[in-house]
Amino acid sequence: MSNLNNENVPAPAVAPSDFIRDIVAAHVAENRYPRIHTRFPPEPNGYLHIGHAKSICLNFGIAREFGGICNLRMDDTNPTKEDIEYVDSIQADVNWLIGDWAEDRLGLKPLGKTPETKLVNEKPDFQMAPIFGTSEVERKNSDAKFEPFYASDYFDQIYEYAVALIKKGKAFVCDMTPDQTDEYRRTGKASPFRDRSVEENLDLFTRMKNGEFQDGSRVLRAKISVDAPNIWLRDPLLYRIKHAEHHHTGAKWCIYPMYDFAHCLSDYIEGITHSICTLEFEVHRPLYDWILENLDLPRPLPHQYEFARLALGYTVMSKRKLMQLVDENLVTGWDDPRMPTISGIRRRGVTAAALRAFAYNIGITKYNGLTDVSVLEFAIREDLNKRALRRLAVLRPLKVVITNYPEGQVEEVKATNNPEAPETGWRKVPFSRELFIEQDDFQETPPPKFFRLKPGGEVRLKYAYIIKCEEIIKNAAGNIIELRCTADLESKMGGATAGRKIKGTIHWVSAQHAVDAEVRLYDRLFTVPEPDADGDFKTHLNPHSLEVITAKCEPAMLEAVPSERYQFERLAYFALDLDAKPGKLVFNRTITLKDAWAKEAQKK
RNA sequence: UGCCCGAUGGUGUAACGGUAGCACAGCAGACUCUGAAUCUGUUUGUCUAGGUUCAAAUCCUAGUCGGGCAACCA
């Protein structure tokens, strides 16, 4: 797969510039940190999607451009929603996306390693340093095993920090019900438990940890303010009780830290310098800072920066909605090629390089826009045009008999593998008396400007002869089932009349040599640009988002491999699907070629 | 409703007080043994109103519109 990432595809000419990179560049210029350190912290509660790809490209891109590191971290503080399946898929997707590009910037840790306690400026400090700078291949060949970081690996340390806040009188155990807590926070009233003694808080928090209390009966809250304008500063929750097994820590804990408490501390423990997240966390930033600033931490503190998440036309992006599509079998799985998930996009045949180019092209801002799918489609086509091997295949066959071509004769014509990459050479394609052409390439009563095959008209068969349609044969129902044509037998490449100017050139396959392939034609999943703008997004599902047909391919397709990309000439780009087996070709249509004729024909 | 954030062609972005540029999309043309690719040309824009300044997309004030947050989710 590695050759798919860079070969033949130019890197973006200039490194992108945006407000976050500007900030990082300024910090580098003033030597604020010994090294730039970002992180990509997904919660393992679903598969990664193209919005995450934007974040991955940002965080790893910065690490790459500024000589830094980007940690992969599972933000796993809620055991009831998370699962090991997602941990595995996240790793696979990240490795695929950054492979050959920022792989050497990926921060991982030795398997099973937990934070070390060190003395910094005479203060105890928890640290979790990454290993990095090894490629995936090197890691696989090494005896040592590596894994991503897990917020759950810091539960001991985060607990210690909670105790420290309690001891400073900056956190308290609250016994109100969830509803009461909501009510009090909304109205700016102080919890009746706010002024418990340090001793009582310590005792209660220990007993929370020891499992003496029911879920929901008590929480640990920071003591910041009862009526701050920013709700997140109104004595926010730090810990809640959940008697649940955790996919990574097992049954060790029955209290789990909230996102706000765990995230900033995880960043600190890992030595993150720039904690980049999406806009909805903007209002959490004061809390992020408050926690870190109230703990007497000896090392430089990380800072949070926010950017706008990706919204893409004709799809949905929330994990909840994507999971609904999966659970209700509206798609075949998280990696269904119609899904905006990284695994779906990959299965569809899009390369990592194309996805990265897309991420670069859309930029990073704080403006919540809706990116047109054409931007994604352009990145995919541009990438595939340069790398895809050209092949002849007919999706909807129409039989053609060349009446002046000898029965039983077979010849092989030379066909270019990829005009964009001449070094890929050429192959032989068999030609014979009976062929298949595309049904769309013939019209009995053609509209104006139709320069394909028509009665009495001529067209060039790509790499072969110019043919003329002499006769149409129909069945009893009146449908065209066969065309009788004559060929200009001197018009093949190098022939006497090869230079004749014929407006149309069409693709074909020799009937007796054609191989069948299952072809899955995908279209957008939804019929409207913003499926979740109103009501139920599922009412906007495109009923024609998948069509499965059997295509007739030139015999070279028998040698198709998953790592390659193919262009069925004049039609679309295709990639071999996971479901393909020896003797059973299955192709996914990644994306169609641009079709100027379809546009022209629509103008009527 | 409170708090926070944002607003540049159809879409996504750049311009960091000094010529509003790029990409996608669109349109027109050239070329073409892929109606692809490539090449050329081109339509379209600074939310509004005040202010500061020789000069404002940029700074200030107000408004308008849009988004986010107000989970014992992240």
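A note on names: the letters A, B, ... follow the listed sequences, proteins ahead of strands, and every chain is numbered from 1.
Residue contacts for P42(A): at a heavy-atom cut-off of 4.0 Å it reaches no nucleic acid atom on any strand shown. Residue-level contact check: M258(A) touches the backbone only, with heavy atoms under 4.0 Å from sugar-phosphate atoms and none from bases. At the heavy-atom level, E377(A) lies nowhere under 4.0 Å from the strands shown. Among the atoms of the strands shown, base atoms are found under 4.0 Å from some heavy atom of R460(A). Here F307(A) lies out of heavy-atom contact (under 4.0 Å) with every strand. Within the 4.0 angstrom heavy-atom criterion, no nucleotide atom of any strand lies near M208(A). Within the 4.0 angstrom heavy-atom criterion, only backbone atoms of the sugar-phosphate kind lie near P229(A); the bases stay farther away. E569(A) comes within contact range of at least one nucleobase, with a heavy-atom separation under 4.0 Å. Nucleic acid contact for K594(A): sugar-phosphate only, since backbone atoms but no base atoms lie under 4.0 Å from a heavy atom of the residue. In this structure, T77(A) reaches the sugar-phosphate backbone alone: every heavy-atom distance under 4.0 Å involves primed, P, OP1 or OP2 atoms, never a base. Within the 4.0 angstrom heavy-atom criterion, base atoms lie near F281(A). Residue R452(A) is classed as a base contact, given a heavy-atom separation below 4.0 Å to a base. Among the protein residues, T187(A) comes within range of no part of the nucleic acid, since none of its heavy atoms lies under 4.0 Å from any strand. Here Y259(A) lies in heavy-atom contact (under 4.0 Å) with a base.
Annotation: U43(B) and A25(B) have their C1' atoms spaced 12 Å apart (nearest Å). With both ends at atom C1', the span from G21(B) to U8(B) equals 11 Å, rounded to whole Å. A74(B) sits 42 Å from G17(B) when the C1' atoms are compared, rounded to a whole Å. Comparing the same atom, C1', in G10(B) and in U42(B) gives a spacing of 16 Å after rounding to whole Å. Between U58(B) and G51(B), the distance separating the two C1' atoms is 15 Å to the nearest Å. Between A57(B) and C47(B), the distance separating the two P atoms is 10 Å to the nearest Å. One P atom belongs to C33(B), the other to G26(B), and the distance between them is 24 Å to the nearest Å. Going from the C1' atom of U11(B) to that of C3(B) covers 31 Å, rounded to whole Å.
Relative orientation of the H246(A) and Y256(A) rings is parallel, given thresholds of 30° and 60° on the angle between their planes. Ring planes of Y239(A) and Y159(A): perpendicular class, angle over 60° (limits at 30 and 60°). The aromatic rings of Y47(A) and W334(A) sit parallel to each other, their planes meeting at less than 30°, with 60° as the upper class boundary.
Closest to the side chain of K242(A), out of C4(B), C73(B), C33(B), is C73(B). For R390(A), whose side chain is taken as the heavy atoms from C-beta onward, the closest listed nucleotide among A25(B), U34(B), G35(B) is U34(B). Picking from G35(B), A74(B), A36(B) the nucleotide with the shortest atom distance to the side chain of E420(A) gives A36(B).
The interatomic distance linking L384(A) (CG) with A37(B) (P) rounds to 13 Å, in whole Å. Atom P of nucleotide U34(B) and atom CZ of F451(A) are separated by 11 Å, given to the nearest angstrom. Atom CD of Q602(A) and atom P of G35(B) are 18 Å apart (whole Å). With rounding to whole Å, L453(A) atom CG is found 14 Å from G35(B) atom P. A straight line from CG of D175(A) to P of C72(B) spans 16 Å, rounded to a whole angstrom. One atom, CG of N45(A), and another, P of C73(B), lie 12 Å apart when rounded to the nearest Å. Rounded to whole Å, atom P of C73(B) lies 13 Å from atom OH of Y256(A). Atom CZ in F574(A) sits about 14 Å away from atom C1' in U34(B), given to the nearest Å.
The base of A74(B) sits within donor-acceptor range of the side chain of H284(A), with an N or O pair under 3.5 Å. One donor-acceptor pair, N or O on each side, does fall under 3.5 Å between the base of U32(B) and the side chain of K503(A).
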Legend entry - Test ring-ring contact (aromatic ring centres under 6.0 Å, His included) applied to F307(A) and F19(A), step by step: CA-CA 9 Å; F307(A) 70 99; F19(A) 75 99; 8.1 Å; no
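By the 4.0 Å N-to-carboxylate-O rule, R185(A) lies too far from D235(A) to be salt-bridged with it. With respect to the salt-bridge test (charged N to carboxylate O, under 4.0 angstrom), the residues R234(A) and D227(A) do not qualify.
Taking the six-membered ring for Trp, F378(A) and F358(A) have ring centres at least 6.0 Å apart.
For the OP1/OP2 pair of A37(B) and a distance below 4.0 Å, the side-chain nitrogens and oxygens of R381(A) include no atom meeting the criterion. Not one side-chain nitrogen or oxygen of K492(A) sits closer than 4.0 Å to the OP1 or OP2 atom of C33(B). Side-chain N/O atoms of R240(A) include one lying less than 4.0 angstrom from OP1 or OP2 on A74(B).
Checking Q602(A) against E600(A) by side-chain atom types alone, no donor-acceptor pair falls below 3.5 Å. The closest side-chain donor-acceptor pair between T416(A) and R390(A), if any, does not fall under 3.5 angstrom. Side-chain contact, D267(A) with Y288(A): a donor N or O sits under 3.5 Å from an acceptor N or O.
When the nearest nucleotides of RNA chain B are assigned to K449(A) and N78(A) by heavy-atom distance, the more 5′-ward of the two goes with K449(A). For the pair I231(A) and K81(A), both in contact range of RNA chain B, the more 5′-proximal nearest nucleotide belongs to I231(A).
Residue Q214(A) places its CD atom among 12 or fewer non-hydrogen atoms of other residues, nucleotides or ligands, all under 6.0 Å distant. Atom NZ of K468(A) has 12 or fewer neighbouring heavy atoms from other residues, nucleotides or ligands inside a 6.0 Å radius. Heavy atoms from other residues, nucleotides or ligands lying under 6.0 Å from NZ of K366(A) number more than 12.
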Inset, instruction - At under 4.0 Å between heavy atoms, which parts of nucleotides 11-22 of chain B does protein reach? Answer with one letter per nucleotide, 5' to 3': B base, S sugar-phosphate only, - none. - result: SSSS-B------
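Stem regions for RNA chain B, each three or more consecutive Watson-Crick or G-U pairs with both distances under 3.5 Å and listed by first number, read B:1-7 with B:64-70, B:10-13 with B:21-24, B:26-30 with B:38-42, B:47-51 with B:59-63.
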